[in-house]
2 protein chains.
Amino acid sequence: MLRLSKLTDYAVVVMVRLGRGEAVQTSPCIAAATGVPEPTVAKVLKILSAAGLVASHRGARGGYRLVRPLDAVPIADIIAAIDGPIALTACVDGGTSCEAQGLCPMRGRWDPVNRAIEAALAGITLADMADPGPTFAAPGEAAALGPRALPLSALHVAE
Amino acid sequence: MLRLSKLTDYAVVVMVRLGRGEAVQTSPCIAAATGVPEPTVAKVLKILSAAGLVASHRGARGGYRLVRPLDAVPIADIIAAIDGPIALTACVDGGTSCEAQGLCPMRGRWDPVNRAIEAALAGITLADMADPGPTFAAPGEAAALGPRALPLSALHVAE
DNA sequence: GATAAGGGGACCGCAACGGTCCTGTTTCGT
DNA sequence: ACGAAACAGGACCGTTGCGGTCCCCTTATC
């Protein structure tokens, strides 16, 4: 299914959340606002921090803030931070495999595919995924929309 | 890593092999020619046959043949046949999940990403991944190329 | 009728992922 | 100076899906 890790999904939610409200937000606060379990939020933020996508501030009154605005963060960066480099097969990156056989029939063949995907992902920013805009849906309105097609901001009413 | 299943990799190898030589080839023959284990080749071919990408002929002197030429088979078809529909997250296809929470913050947000990837994969055909052309590398030449950048035809010298 | 080949499953081991928790270390507030 | 708040980093399992193999049945040719 071209599996994308669930953590990446959470990372987008967390990043978009960071793009709103206070400039510096704590992970418990983000967890409460998004509905994502707090340990998971913390884990995601640690990874994003290590990747340089968010900046952290330690100690009391600490928290995280965005380094770049949402429209300057391509989705490819998030995927690369959580799931590692964008490569469809294990044969194309470090190249540690395929040594046993000595001859991997697909050597380098997936490169154009990987480049095409990378280009596609580089053209979409987090702002594109959060574009419902500044209007927040009220709880009643969100429920009226049914289980499908809920805007990203649906969970933000909890804030 | 945007994991793509290994079976898909094998499927491309098998399909490209089917694009060469005899029109109808048996799975043991393909296994011997590509170096892929025979049970795995058979499994891949069954899936490809069910997806309509190859046609099968049962009985003695049976085998498989391509339905469409390689340059008419986008890589997206192979991925869809092996890995299922191209969708980065479980939330975008059938939509059976996220019912427990009732509110999935990413509802529909991944759609543009999925469409971009699908478009990218639809533009690359199997012929693009097999383009070393009619010239087959001799074993010595293939070895001289080093562990990297081996052409797809490298294993076909075994035929 | 014997044989060769595909059809359709079932089966099991393994590795990766999701999710949680624990123990530091740092900084702000009192 | 002390304590609390919050990040840093890693360890820890359960689960899930995948890779790989094997079996029996059906079909078609010789």
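A quick note: this is a predicted structure, and the numbers were derived from the prediction, not measured. Order of the sequence lines sets the chain letters (A, B, ...), proteins ahead of strands, with each chain counted from 1.
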Seminar exercise, completed: Considering only heavy side-chain atoms of B/Ser56, the closest of C/dC28, D/dA6, C/dG7 is C/dG7
Exercise. Taking the side chain of A/Thr40 as heavy atoms from C-beta outward, which of D/dC7, C/dG18, C/dT20 is closest to it?
Worked result: C/dT20
For this session: Sequence neighbours left out, what passes salt bridge (charged side-chain N to carboxylate O under 4.0 Å, His left out) with B/Arg58? Give chain and number order.
Result: none
Problem set entry | Rounded interatomic separation in angstrom, taking NZ from B/Lys46 and C1' from D/dT27 | 15 Å
Exercise. Within this structure, what is the CG-to-P distance between B/Leu48 and C/dG6, rounded to whole angstrom?
Worked result: 13 Å
Problem set entry | OP1 or OP2 of D/dC7 under 4.0 Å from side-chain N/O of A/Ser27 | yes
Seminar exercise, completed: The residue, B/Lys43 or A/Arg58, whose nearest nucleotide of DNA chain C is more 5′ is B/Lys43
Exercise. Quick one: do B/Leu66 and B/Val24 end up in the same hydrophobic cluster if we chain Ile, Leu, Val, Met, Phe, Trp and Tyr together by side-chain heavy atoms under 4.5 Å apart?
Worked result: no
Seminar exercise, completed: B/Arg65 CZ to C/dA5 C1', in whole Å, measures 16 Å
Exercise. Base, sugar-phosphate, or nothing for B/Leu45, non-hydrogen atoms under 4.0 angstrom?
Worked result: nothing
For this session: Return the nearest nucleotide to the side chain of A/Arg61; candidates are C/dG29, D/dG9, C/dT20.
Result: C/dG29
Exercise. Rounded to the Å, how far apart are B/Tyr64 OH and C/dA4 P?
Worked result: 17 Å
Seminar exercise, completed: Tightest non-hydrogen contact, residues A/Ala81 and A/Ile47, listed as O-CG2, 3.5 Å
For this session: Send over the distance from A/Asp9 CG to C/dG19 C1', rounded to a whole Å.
Result: 15 Å
Problem set entry | Distance in angstrom units between B/Leu4 CG and D/dC18 C1', rounded | 12 Å
Problem set entry | Polar contact flag, side-chain donor to acceptor under 3.5 angstrom, A/Gln25-A/Arg65 | no
For this session: Nearest-nucleotide wise, let me know which of B/Gly63 and A/Pro37 is further upstream toward the 5' end of DNA chain C.
Result: B/Gly63
Exercise. Picking from C/dT3, D/dC7, C/dG6, which would you name as closest to the side chain of B/Ala60?
Worked result: C/dT3
For this session: Send over the distance from A/Ile47 CD1 to D/dG10 C1', rounded to a whole Å.
Result: 12 Å
Problem set entry | Under 3.5 Å side-chain donor-acceptor pair for A/Thr125 and A/Asp71 | no
Seminar exercise, completed: From the candidates D/dA6, D/dG20, C/dG7, the one with an atom nearest any side-chain atom of B/Tyr10 is D/dG20
Exercise. How close or far is atom C1' of C/dG19 from atom NZ of A/Lys6, stated in whole angstroms?
Worked result: 10 Å
